[in-house]
Amino acid sequence: MGNWFEQSIVTTGRLPLFCYFVTLIVAFIATRINVRLIRAKVGWFRNVNVGEMHIHHVVFGVVLMLVGGVSGLIVSSASQAGYAAAACIFGIGSALVLDEFALILHLHDVYWEEEGRTSVDAVFIAVAVTGLLLIGLRPLTWDYGTPVNPAALIVANLVLAVITLLKGKIWTGMAGLFVPPMLLVGAVRLARPGSPWAHWFFAKRSPRKMAKAIRREERWRRPVIKVKIAFQEFLSGRHDLPSTRRGRRHT
């Protein structure tokens, strides 16, 4: 194990990325344990308040990300340990920020509402992308074995990624950045019924396509979503408060 860590992580210069990966996961789990204890009113666990103002942990996350980011810029390039320490600080800050990503997205406290699951999705995506980088994969660099300019391949892969994401296939799009053949499948297949692509191209123009997309959603995606939600709630708690966003306009 020690030899593997030395050869695969330290020697390859991935120690800072590894530290970021580990601290992101640990800080997220610790944060979720803390907020669940606060919600359950266990012991001395309480929200941080200044007067009547509730200080969300995203604030502390932003500060830590700034500290970690600036520290990484000024640390000596010869010190991988220094970069690793900065990466740890940045990882903790990232966990705190992403854990309240839904709050930033909606500009409203939806932490325990259904929309709050977006924060958990954001953390899962960050962990997955960091894990792929850690094992040595690089985004948009897949070579299809054709004599095409590398820059053109990157642009083509990026276009396919955008199409896949617009079709509502977030996980396929993110994973496809590292394994672009997945983007070919995602870009060609029918869009999800609630996606921007479906809204623009066939929601009203082609009821037949829309009905087909809905059938696929109910048959294949809904069971997967139920499993994902069950795992998320086991890890992060139930997002069971009634939504305060529905029918509320942003002003």
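Just so it is clear, the model here is predicted, and its values are computed rather than measured.
- Taken from OG1 in T164 to NZ in K167, the straight-line distance is 7.5 Å, to the nearest 0.5 Å.
- One distance of note links OG of S71 with CG of L66; it measures 10.0 Å at 0.5 Å rounding.
- Two residues are said to be in side-chain contact when any heavy atoms from C-beta on lie closer than 4.5 Å; Y20 and R14 fail this criterion.
- Both L24 and I125 are assigned to one and the same hydrophobic cluster, defined by single-linkage of ILVMFWY side chains at heavy-atom distances under 4.5 Å.
- Contact between G72 and Y83 at its shortest, heavy atoms only, is O-CE2, 2.9 Å.
- The heavy-atom pair separating A191 from W197 by the smallest distance is CB-CD1, 3.8 Å.
- Residue pairs meeting the salt bridge (Lys or Arg N to Asp or Glu O under 4.0 Å) criterion with at least one member in residues 19-34, sequence neighbours excluded: R32-D99.
- Tracing side-chain contacts under 4.5 Å through hydrophobic residues (I, L, V, M, F, W, Y), one never reaches M174 starting from I225; they form parts of separate clusters.
- Two residues are said to be in side-chain contact when any heavy atoms from C-beta on lie closer than 4.5 Å; H239 and V120 meet this criterion.
- A side-chain donor-acceptor contact under 3.5 Å links T12 to the backbone of I9.
- Contact check for V22 versus C88: no side-chain heavy atoms found under the 4.5 Å cut-off.
- Considering only residues two or more places apart in sequence or on other chains, D121 meets the salt bridge (Lys or Arg N to Asp or Glu O under 4.0 Å) condition with K228.
- Interatomic distance, NE2 of H199 versus CG of L166, reported as 12.5 Å (0.5 Å rounding).
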**Report entry** Evaluation steps, side-chain contact (heavy atoms from CB on, under 4.5 Å), between V35 and F45
**Finding:** CA-CA 8 Å; V35 295; F45 292 92; over 6 Å; no
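- Among residue pairs with one or both ends in residues 82-92, none qualify as salt bridge (Lys or Arg N to Asp or Glu O under 4.0 Å); sequence neighbours excluded.
- Of all the heavy atoms in G61 and L96, the pair that sits closest is CA-CB, 3.6 Å.
- For the ring pair (Phe, Tyr, Trp, His ring centres under 6.0 Å) condition, the pairs that include at least one residue of residues 216-236, sequence neighbours left out, are F124-F231.
- In plain terms, the two heavy atoms of S195 and R192 that are nearest each other are OG-O, 2.7 Å.
- Under the 4.5 Å side-chain contact rule for hydrophobic residues, V48 and I33 share a cluster.
- Across all non-hydrogen atoms, the minimal contact from H57 to T31 is NE2-CG2, 3.7 Å.
- Residues L64 and F90 are not in side-chain contact: their nearest non-hydrogen atoms beyond the backbone lie 4.5 Å or more apart.
- Side-chain atoms of R46 never come within 3.5 Å of backbone atoms of I38 as a donor-acceptor pair (strictly under, hydrogens ignored).
- Note that CD1 of I214 is 14.5 Å distant from CZ of R221, once rounded to the nearest 0.5 Å.
- In this structure, R238 contributes its side chain and E233 its backbone to no donor-acceptor pair below 3.5 Å.
- Note: the hydrophobic cluster containing I89 also contains I29 (ILVMFWY, side chain heavy atoms under 4.5 Å, direct or indirect links).
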Let me have the donor-acceptor pairs involving side chains of residues 180-187, under 3.5 Å, with sequence neighbours excluded, atom names and distances please.
none

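- Atom CZ in F28 sits 8.5 Å away from atom OG in S119 (nearest 0.5 Å).
- Looking at F21 and L133, their side chains never come closer than 4.5 Å, going by heavy atoms from C-beta outward.
- Not counting sequence neighbours, the partners of D240 by the side-chain hydrogen bond (donor to acceptor under 3.5 Å, both in side chains) test are R39.
- Residues V97 and I104 form a side-chain contact, since some pair of their non-hydrogen atoms from C-beta on lies under 4.5 Å apart.
- Under a 3.5 Å cut-off, the side chain of E115 and the backbone N or O of V110 do not form any donor-acceptor pair.
- Residue L158 is not grouped with residue V188 when hydrophobic side chains (ILVMFWY) are merged at heavy-atom distances under 4.5 angstrom, including chains of intermediate members.
- Taken to the nearest 0.5 Å, the OG1 atom of T118 stands 12.5 Å off from the OH atom of Y111.
- Note: F5 and F18 have perpendicular aromatic rings, judged against thresholds of 30 and 60 degrees for the angle between ring planes.
- I170 is listed as a side-chain neighbour of L165, based on a closest heavy-atom distance under 4.5 Å.
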